[in-house]
Amino acid sequence: MSVEKAKVEGRWFGEPLRAPDRSTKPGGVVRFAIGFLLGALLILKHHLLFGSGVLIISCGFALISQLSPNAGSRVDAALNQVGIWVGTAVGSTLLCISYLFFVTPLRLFRRVTGADDLNLRNNDKFTFWLQCDTQRRKTRFIGTMFATEKLTTRAGNPLIRLSIVVVFMLCLAEGVLRLQGYGRPINYIADPMIGYYPEPGVSLRRPGGTISINRWGMRSNEFQTEKPAGTFRVLMLGDSTLYGGSYLDQRDLYSSRLERLLNSRPGSPHVEILAMSANGWGPFHEHGFIKRFGTFNADLVIVNLPIDDINRALYGLMSTPFSAVQTPPRMALEEVLIHYVWEYRKDRSGLDAKYEARQSQIGIEEYRSLAEDLQSRGAEVMFACLPSRIAGMGSQPESQEAIWRRQLDSALATRSVTMSYPIGLFVGKGTPEQLYHDDVHLNKLGHKFYADFLALRIATASTNYQKFVARQRGVK
Amino acid sequence: MNILGVSALYHDSAACLVQDGDIVAAAQEERFSRKKHDARIPINAMAYCLREGNVRPDDLDMVVFYDKPITKFTRLLATYGEIAPSGLAVFMKSVPLWLKDKAWAGLQVEKALSDVGFKAAKIQFAEHHISHAASAFYPSPYQEAAIITMDGVGEWTTSSIGVGEGNQLRLLQEQRFPHSLGLLYSAFTYFTGFKVNSGEYKLMGLAPYGEPVYADLIREKLLFIREDGSFHLNMKYFGFLSELRMTNDLFADLFGGPARSPESPITKREMDMASSIQAVTEEIVVKMARYARSITGKRNLCLAGGVALNCVANGKLVRERIFDNVWVQPASGDAGGSLGSALYSWYQILGNNRQVDGANDSMHGAFLGPSFDANSVKAYLDANRYPYIELNDEDRNRHLASALADEKVIGLLQGRMEFGPRALGGRSILADARSSKMQSYLNLATKFRESFRPFAPIVLAEDAGEFFEVIRESPYMLMVDQVRPERLISHCTDEQVAETSTDIDLRERVNAIRSDVPAITHVDNSARIQTVDVKRNPKLHGLLTEFKKITGYGILVNTSFNVRSEPIVCTPEDAYACFMRTGIDILVLDNLVLEKSRQPEWHELTSWQEQFGLD
């Protein structure tokens, strides 16, 4: 456009500077493709009527757009208008709800707490002038959209501000942890014979899934005290490796998997697994439990241990190492704190070599005694020694692990006890991180493979199981 | 260094360019968009300022927005937190507007800059009343001064008292929302049937027709005023917190009936209400000034904010002699915030030196808008076959003075456009102040506006004392003074006209001859004065001098070059359209003179009433 023409039309400042609408609209083909995909997806998801409607409408609009651009624009305008109406209706509803159910209660709360941001209620002051903020703050915050004198004048002591922030953060953390299931852990009952065991009859959800403790304190299903006819009962005793930790769901434990595996075999008898375990348990706890409650007529008792459980001769026998039923944590943060304190103290409270040697001797002796007791109660005894991460993922255990293993073997040699210690069990089955949660505890995948191993072990090495199977087949 | 100040999104958006501390250009968006009080991002004004300053895309150093939108939004939310569940309708209306538009002021300014080819440096955000205070102090002639800002509301602040010293200013004390002098005045504007944020000056013009009979009622029921000028509104009577109106039913009960409908006849009640709120406003302003003097100890006062456009109160402030000198920012409304925020950055943030001489301000006479070179204008007139004659300054002044003496009305587009709401001779309609018919003629046949509205005089600065009592310098038409008694010819006019109750009576009072310059003498014998000096406005000074030679009067009527609801004209094309629509006899485009009688017939596709609506 020439300068002169611009002047004639009054364009004294060049082209008018209202930016054109730059929003781009998808073409008919693209819109059809979107509609088609959406319709197809709905039909595949069994929303036949709705999906067909979407398909028909999108085809119709695409056809109109292709046949007549004018009609296409009208359709666009109509859809746009519908969009505005729907958007306005939804937005207004949300605003209305937030005003009535959030802002209104907030107002009432503020009224109760005496807040008066607008100075509506104190009209008898000597002056209504308020002090302004310092120059420094005004200058400092010119670069932001947020700077406000009000914040400064109301914020007060930095210590109070810090306290408010800390309290807010703690509340936020408590809320998040509670949503995760923290704040209500499994508590423990102190017992003079066992030391401690999980609170019976509790079922709750934790970050990893469900934890259900039966009426005997076992992380197992409820069972009849009297063993039903035709049932092969296995009692598993162990520590946290058997218990599984709260990061695993009940169904993922190797004890649960083992039960399902044994019962799923064609022609196998009904097998019942009772898994009695607790974090921190050792031979004295397990033996204490047997002395207190017996074997529940178990046909087979599997004593589960990572080998260093032989050092837990006296652990937790004098007091409950975790939260007791009498003093449960009241807050999720308290539970987390207790856990980390326990972790810290555990790492700092290692035994010296001399004391550890004596501990292990006492522990091994107690395992021998446990085996003897179990056998005297008519149960077949199997020791399932879970290899540590190094032993499970490699071909050699650590030297100390090997020494302890030999000592345990020799202590049990005279007791006709079946012993398993599957070094290299997990080789080629996944990465250490997929299989082990830490140095000794297994992850979900590790539990799966270990259950497979134990199922095979029972089938091939348990005399009682083999006899029972044969008897059952004979009966049939 | 180039600093661009921007004010927008509420009313009267504007842009201002400051180059190395000098105010190079400033303009309101309404002048370009032709939409009165245009609040949109001032893309045209920004483009103009940058072009006027020859700023290249890489040379824009700083962009400053005149307030803090997010802080303002938090005030809005805090308000709902005080009034819920009432106020739902306001909440539903305002929150989407904020979320969609106003909260993103920075992004909008950035986008507008990119649309005109500039990439914005980091956008700064000055506080609303800091911008006002800066617009009052930095361009003023004073090295030290007290500062008072008063408007509706900024972020939280509604009025503030500050102090300026050299290149530094700081606010000392403030009043906060909702206790606002601006909103109080707007509440009465609304109740008397005028448009809020637009009709306040009409209310001020109506005040002299009434008596302040409601002043005590206002003081007793509506607000509690303290001796230091601070006050507390009794929100029981106001609707602006929780309703889509300024006042509520209790307010109406207090004043004996509902609010006046717009464009309905003005009754004695509206006149008395206008007079009453004006009296209360003046009382508050004077008390505030006394308090500001006492806490700052300064001898000069600078004023800004929308309330500072109340020139009657300003005149009273001068006459009270609380301060030795009073300087009012000519663009005191939100438009001036663009100028203030840019100057604040230059002086306060960047710490540059400020030189003042104690006498001259740095506003360049407020002529900060676009001008048009003669060749472009001639090309436009020739292309459209609009007949004109070209005269040199001397001949032009002689020709125009003679026409004015013959009661001709002149539309004058001369030099750069004014920044601010007042026409100061750049975009003005001029007429003979001695004419007894001129006020009615201009109101009804030229401006097409309410009959009661007064007109302001321009007077040679050196002759101000001949016509007015106290004011000797008022270059920006922001002071009201009384016409000298010896010029009044009928003191009993008011008594002759009985207590009025209709618009017809109002007109009778308007037409009454009060002085030898009746067209500019308001019913209370006051006038809103603009003094014209050679330095600020030599061409207009020349015209007044020539008129004085013929008539003996160095005084003329000066009103803005527009019709009702139209923004003041900007371009020669706007001026020509307004010239042809109205009773203006002669159009002057700098040295080009157009006679109405010689122009071709004027046709418009849409009427200006439809285009501009009613304000």
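Excluded from the calculations below are hydrogen atoms, water molecules and symmetry mates; all remaining heavy atoms, backbone and side chain alike, are included. Lettering of chains follows the sequences in order, A, B, ..., and the numbering in each one begins at 1.
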Checklist entry - Would one find more than 12 heavy atoms of other residues, nucleotides or ligands at under 6.0 Å from atom CD of Gln81(A)? => result yes

Item to check | Option in Asp228(B), Leu77(B), Leu381(B) with maximal non-hydrogen atom pairs under 4.5 Å from chain A | outcome: Asp228(B)

Item to check | For Arg107(A) against Pro85(B), the heavy-atom pair lying closest together | outcome: NH1-CD, 4.2 Å

Checklist outcome for this item: Between Glu82(B) and Asp116(A) the two heavy atoms that sit nearest each other are OE2-CA, 3.6 Å

Next on the checklist: Is Tyr576(B) in contact with chain A via its backbone, its side chain, both, or neither, using a 4.5 Å heavy-atom distance?
Outcome noted: neither

Checklist outcome for this item: When His179(B), Glu174(B), Arg226(B), Gln173(B) are each screened for side-chain contact (heavy atoms from CB on, under 4.5 Å) with Phe128(A), the one that passes is Arg226(B)

Item to check | Evaluation steps, side chain to side chain contact (heavy atoms under 4.5 Å, CB included), between Asp117(A) and Trp156(B) | outcome: CA-CA 10 Å; Asp117(A) 276 358; Trp156(B) 277 93; 4.2 Å; yes

Item to check | Atom of His232(B), atom of Asn123(A) and distance for their closest heavy-atom approach | outcome: ND1-CB, 3.3 Å

Checklist entry - In terms of heavy-atom proximity below 4.5 Å to chain A, should Tyr291(B) be classed as side chain, backbone, both, or neither? => result side chain

Next on the checklist: Let's test your reading of the structure: which of Phe177(B), Phe65(B), Phe91(B), Phe231(B) forms the most heavy-atom pairs below 4.5 Å with chain A?
Outcome noted: Phe91(B)

Checklist entry - Which bit of Ser159(B) is near chain A, if near means a heavy-atom gap under 4.5 Å: side chain, backbone, both or neither? => result both

Checklist entry - Which answer fits Phe73(B), side chain, backbone, both or neither, if we ask what part of it has an atom under 4.5 Å from a heavy atom of chain A? => result neither

Checklist entry - So, do Cys132(A) and Ile161(B) sit near enough that their side-chain heavy atoms are less than 4.5 Å apart? => result no

Item to check | Heavy-atom contact with chain A under 4.5 Å, split by part of Leu88(B) | outcome: both

Next on the checklist: At a 4.5 Å cut-off on heavy atoms, which part of Phe109(A) comes close to chain B: side chain, backbone, both, or neither?
Outcome noted: neither

Next on the checklist: Just to verify, what does Glu174(A) make a salt bridge (Lys or Arg N to Asp or Glu O under 4.0 Å) with, not counting sequence neighbours?
Outcome noted: Arg178(A)

Checklist entry - Got a sec: does the CG of Leu172(A) have more than 12 other heavy atoms crowding it under 6.0 Å? => result yes

Item to check | Neighbour count above 12 (heavy atom, 6.0 Å) for Phe36(A) CZ | outcome: no

Checklist entry - Say you draw a straight line from NZ of Lys93(B) to CG of Leu95(A); how long is it, rounded to the nearest 0.5 Å? => result 14.5 Å

Checklist outcome for this item: If one checks every heavy atom of Ser86(B) against chain A at 4.5 Å, the contacting part turns out to be backbone

Item to check | Exceeds 12 heavy-atom contacts within 6.0 angstrom, atom NZ of Lys287(B) | outcome: yes

Next on the checklist: What part of Ile83(B) gets within 4.5 angstrom of chain A, counting heavy atoms only: side chain, backbone, both, or neither?
Outcome noted: both

Checklist entry - Considering only heavy atoms, which portion of Met235(B) lies under 4.5 Å from any heavy atom of chain A: side chain, backbone, both, or neither? => result side chain

Checklist outcome for this item: Comparing Asn122(A), Leu100(A), Thr104(A), Leu106(A) against chain B, the one with the most heavy-atom pairs below 4.5 Å turns out to be Thr104(A)

